[in-house]
Amino acid sequence: RKEVEQDPGPFNVPEGATVAFNCTYSNSASQSFFWYRQDCRKEPKLLMSVYSSGNEDGRFTAQLNRASQYISLLIRDSKLSDSATYLCVVNEPRAGSYQLTFGKGTKLSVIP
Amino acid sequence: SQTIHQWPATLVQPVGSPLSLECTVEGTSNPNLYWYRQAAGRGLQLLFYSVGIGQISSEVPQNLSASRPQDRQFILSSKKLLLSDSGFYLCAWRKGGGGTQPQHFGDGTRLSIL
């Protein structure tokens with residue numbers, strides 16, 4: 001079975017810190033990539049898509065390296081509200097269509 | 001804009017009882033629809049997906065079933081629940097077509113089996 005592997009965490013960082021999450025995927029035919037955020041006992045919410053050229057959304061920067069099958073998420077100037085579990089998600093071909101495969105997530109706690 | 005509704009939010013059921021969870025999507029047509037389960041401390045597991053009315057694909061063998069009686073309605077059912085069916089059930093949708101779009105989730109149903 002194809003896998004998406006993430007840093008096990010948890011990451012405990014002070015407010016204002018920069019934190020990086022890494023993720024690797026095993027299916028080289030994967031087509032699209034995402035980072036989702038999941039708060040405790042809530043549904044996952046799309047944080048951002050990840051493109052080969054790298055993309056930025058405010059304090060968040062995502063990078064994709066297709067050759068290494070590696071995805072990253074950088075959060076700058078961490079806020080208390082960034083505390084959540086971050087899921088690396090890969091859209092890979094399965095049974096004639098594309099399905100999302102989710103990593104188990106990395107928990108982030110931003111401490112005052 | 002598109003919205004997804006899932007209910008109930010919380011459910012406590014005895015072993016052996018039936019189950020019916022419902023999910024509806026508004027603001028789009030012919031979406032791809034999904035049911036996931038997330039057990040405590042584990043990742044999301046895809047249970048079923050549907051690309052159209054009456055079309056259901058199952059990812060894992062289990063005592064659950066799914067149906068799509070209307071374009072924007074997706075139902076998860078069981079005739080007899082097991083203890084192992086406890087978990088957080090999530091419905092999701094994405095635009096139909098090539099399948100490279102992200103998915104968007106409902107609020108989830110937290111199911112406890114006693």
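Computed from a predicted structure; not experimentally measured. Chain identifiers are assigned alphabetically (A, B, ...) following the order of the sequence lines, protein sequences preceding nucleic acid strands; residue numbering begins at 1 within each chain.
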B/L83 reachable from B/V12 in the ILVMFWY side-chain graph, under 4.5 Å edges: no
hydrophobic_cluster_shared for A/V19 and A/L74, side chain cutoff 4.5 Å: no
Pairwise distance CZ(B/F88) to NZ(A/K42) - rounded to 0.5 angstrom: 8.0 Å
Test item: A/V89 and B/P102 side chains (from C-beta on) under 4.5 Å apart, heavy atoms: no
Min side-chain heavy-atom separation B/Q103-A/N91 under 4.5 Å: no
Greater than 12 external heavy atoms within 6.0 Å of A/Y70's OH: yes
Heavy-atom side-chain contact between A/E43 and B/Q6 under 4.5 Å: no
Pick from B/G108, B/G106, B/G43 with the largest number of heavy-atom pairs that fall under 4.5 Å of chain A: B/G106
Separation between CG of A/L100 and OH of B/Y34, rounded to the nearest 0.5 Å: 6.5 Å
Min side-chain heavy-atom separation B/Q101-A/Y98 under 4.5 Å: no
Cluster check B/V15, B/L76: I/L/V/M/F/W/Y, side chain < 4.5 angstrom: yes
Same apolar cluster (I L V M F W Y, side chains within < 4.5 Å links), B/I56/B/I75: no
Pick from A/R41, A/Q31, A/Q38 with the largest number of heavy-atom pairs that fall under 4.5 Å of chain B: A/R41
Cluster link A/L80 to A/V13, ILVMFWY, side chain under 4.5 Å: yes
Between A/Q99 and B/E59: side-chain donor-acceptor atoms closer than 3.5 Å: no
Proximity breakdown for A/Y36 and chain B, heavy-atom pairs closer than 4.5 Å: side chain
